[in-house]
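Let me begin by presenting the structure, written as structure tokens, before commenting on it.
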2 protein chains.
Amino acid sequence: MKKISLKDIAKMAGVSTSTVSFVLNGKAEQMRISKPIVEKVHQIVKKSGYQPNRVAVSLRTGKSKIIGLLVDDISNQFFASCAKFIEDEANEYGYKVIFCCTENDAHRARTLLNILNYQQVDGFIITPTVKMNKDIEQLVQYKKPFVLMDRYFPEINTPYVLVNNYSGIEKGMTHLIRKGYKRIGFVTVDLKMIQMDMREQAYKDAQKKEQPASKQKLLLKLPINCTDDREATMQMIISFIRDTELDAVFFATNYLGILGLESIQQIGLEIPRDIAVICFDDNDIFRLHTPAITVIRQPIDKIAKSSVAILMDQLGAGKHKVQRIQVEIDPEFVVRKST
Amino acid sequence: MKKISLKDIAKMAGVSTSTVSFVLNGKAEQMRISKPIVEKVHQIVKKSGYQPNRVAVSLRTGKSKIIGLLVDDISNQFFASCAKFIEDEANEYGYKVIFCCTENDAHRARTLLNILNYQQVDGFIITPTVKMNKDIEQLVQYKKPFVLMDRYFPEINTPYVLVNNYSGIEKGMTHLIRKGYKRIGFVTVDLKMIQMDMREQAYKDAQKKEQPASKQKLLLKLPINCTDDREATMQMIISFIRDTELDAVFFATNYLGILGLESIQQIGLEIPRDIAVICFDDNDIFRLHTPAITVIRQPIDKIAKSSVAILMDQLGAGKHKVQRIQVEIDPEFVVRKST
DNA sequence: CTGAAAGCGCTTACAG
DNA sequence: CTGAAAGCGCTTACAG
């Protein structure tokens, strides 16, 4: 597959390479290249199927038209969906996407960032891991275009896109309370990331408002490594539901929601009380189960598209001049099944 | 972030750029560069954090160290898992991964292939769509390195990696028959791709062997666009199970399995018979349900790693000299829950 | 043992 | 209106 070069086209058209380049880059008018020549060049390019070598263009212009996507784990449903929308949207702007999985490991994230940065990536969309502050600060310092997604560091002034976690939980709580539930538990994980803190705070505030006198803590905060031992975590959830005699449980993440449903199913026969579940994000599993379920779905498409838009704005490729804003997105409120 | 160049390093070390280049590319010995100089260069490189500009290297060498991954849809759990393992494995070889979603649309696939090919991608890992034969043939013709994954075209001689679909279904059928099921239905989709044909054939062969006299067709072949209307498809599955009075159902894909479980749950009260389900691939949902279930899990890690290995072999970057073989992988046989 | 030089395929001031 | 030339940052024959 001998590739055709700009030079070849120029030779075929009987003009210089600069002329061809100008025509191809839409600068024909600006450079006052004659109509006949422009047409001739276009015709030859079309017939030959010529496409400029992006690598050469990159080297010359310093722009690769590639963005780097750093997520925890692409095989996680949430990130997989994000990736799909991001790729789709980036394509619209003529960008390609290289992805990497950080495994929520700051050290690994740094290595990946470094490799991609020093190479050919124009900008980043990043789901930051815990302890990644230093690296994010460095990106800011070096003025590298990037946008944080789903999480952020309140102490660093960066562009980011996230859902309004607080209001999501708040709405969910209001919904549960209206349905008449009295003892609403909350299961979360001690991730020490701002988005989890917000969710927890929203739950606590709603609880306080509703049942100011309530003494018993109805909150289960699982250890950060709870994903390592599925069975053990399920046991903790089961004990929690039993011991606290809940009539509804609110799971703070998708993963916990799935574990929770399994747990609830396991003890379903013993505890006949009605149980409602609310989770961030959506999943096939939420369609299949006995207790009532309410799902707060994150609008992944919006998160992804907004992230791309913000990044493109920084790259100066934005179609509409988007402000470098901090986008807030309200979670949709989806009731899946009602009692 | 002013980047350091080879030239800068050369200046700092007081040698020529060629010397630095040779040292960095491990050709110091071959070029008989003196020990002290080698060390000095290494030291300066380390101290300055210099990394060669990959774009320039690409232009010069014609190798980008990027591979293109074409899948139907990255947000699909199967492909998302593949992507993760592929990225991980590619990293091991020093490659990065650009991914694209074909949406199972041959036209879109061609465009993507063309863009990536004409640009900077060294090779491809492709989950081919229907009607993609022409494009694959072209890749072969142009000697572009690539490997097909999960599917292939029997009429084109290409490297590929797939699971042994026939044997997977065969084993599943044997398992069901041993459990005592008599009327085993099979739900598949009319995708017109070889991997689906193999699964169907395996089912038919097993049926014939077991119940040669059986008259009634226990096979449901859903239209190719069945993913468009979830509800309608579920109705078809429900009718099928009712009308044929099955005591077990075999779902040919993960997606169908999920739909199937929901359908079965819907009619669970009316049909008290025990129902066994076998699906390719795994999913959270398979842990949550009433009927007995058997899961045949595709070893995604092996599929992904083998694909990368085969591609790397073609790219000449293989660590161990892997033959350009056609890898066959037996599906694992996982019994999840027993009656 | 080491350096000067060509060239990968483009873009873009600069000169006419 | 168009062309010759420099240069992006590397690698690698080639000359010494």
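Chain A is the first sequence line, chain B the second, and so forth, proteins listed ahead of strands; every chain is numbered from 1. All of these numbers come straight from a predicted model, not from anything done at the bench.
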Rounded off to whole Å, could you give me the [atom1]-to-[atom2] distance for the [X] and [N] pair?
X	N	atom1	atom2	result
Lys63(A)	dG9(C)	NZ	P	24 Å
Ile33(B)	dG16(D)	CD1	P	19 Å
Asn25(A)	dC10(C)	CG	P	11 Å
Arg60(B)	dG7(D)	CZ	P	19 Å
Leu59(B)	dC10(C)	CG	P	9 Å
Lys7(A)	dC8(C)	NZ	C1'	10 Å
Lys40(A)	dC1(D)	NZ	P	17 Å
Ile4(A)	dC10(C)	CD1	C1'	16 Å

Closer to the 5' end of DNA chain C via nearest nucleotide, is it Phe22(B) or Lys27(A)?
->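 Result of the comparison: Phe22(B).
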Toward the 5' end of DNA chain C, by each residue's nearest nucleotide, Gly14(B) or Thr61(B) =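 Result: Gly14(B).
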Do the side chain of Thr17(B) and the base of dA4(C) come within less than 3.5 angstrom through a donor-acceptor pair of N or O atoms?
-> no
Can you measure from [atom1] ([X]) to [atom2] ([Y]) and round to the nearest 0.5 angstrom?
X	Y	atom1	atom2	result
Tyr50(B)	Asp8(B)	OH	CG	9.0 Å
Gln51(A)	Ile4(A)	CD	CD1	10.0 Å
Ile156(B)	Gln138(B)	CD1	CD	11.0 Å

Val15(A) or Val57(B): which one's nearest nucleotide on DNA chain D is closer to the 5' end?
-> Val15(A)
Could you pick out which residue, Asn53(B) or Ser18(A), lies toward the 5' side of DNA chain D when each is mapped onto its nearest nucleotide?
-> Ser18(A)
At under 4.0 Å, does any side-chain N or O of [X] touch on OP1 or OP2 of [N]?
X	N	result
Thr19(A)	dT2(D)	no
Ser5(B)	dG9(D)	no
Tyr50(A)	dG9(C)	no

With no hydrogens and no angle check, do the side chains of Asp122(A) and Ser64(A) hold a donor and an acceptor under 3.5 Å apart?
-> yes
Nucleotide opposite dG3(C) in a Watson-Crick or G-U pair, distances under 3.5 Å =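 Paired with dG3(C), as far as the under-3.5 Å criterion goes, is dC14(D).
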Per the side-chain contact (heavy atoms from CB on, under 4.5 Å) rule, which among Leu139(B), Leu112(B), Val71(B) passes with Ile126(B)?
->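 The single option meeting the side-chain contact (heavy atoms from CB on, under 4.5 Å) with Ile126(B) is Leu139(B).
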Of all the nucleotides listed (dT2(C), dC10(C), dT2(D)), which has the minimum atom distance to the side chain of Leu6(A)?
->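 Nearest to the side-chain atoms of Leu6(A), counting from C-beta on, is dC10(C).
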What's the closest nucleotide to the Ser16(A) side chain, out of dG9(D), dG3(D), dC1(C)?
->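 Nucleotide nearest to Ser16(A)'s side chain: dG3(D).
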How would you label the contact of Val55(B) with the nucleic acid (heavy atoms, under 4.0 Å): base, sugar-phosphate, or nothing?
->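 Since no nucleic acid heavy atom lies under 4.0 Å of Val55(B), the category is nothing.
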Is Ser21(A) touching bases, backbone alone, or none of the nucleic acid, heavy atoms closer than 4.0 Å?
->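 Result for Ser21(A) = base.
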Where does the angle between the aromatic ring planes of Tyr160(B) and Tyr152(B) fall among parallel (under 30°), tilted (30 to 60°) and perpendicular (over 60°)?
->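 Geometry flag for Tyr152(B) against Tyr160(B): tilted rings.
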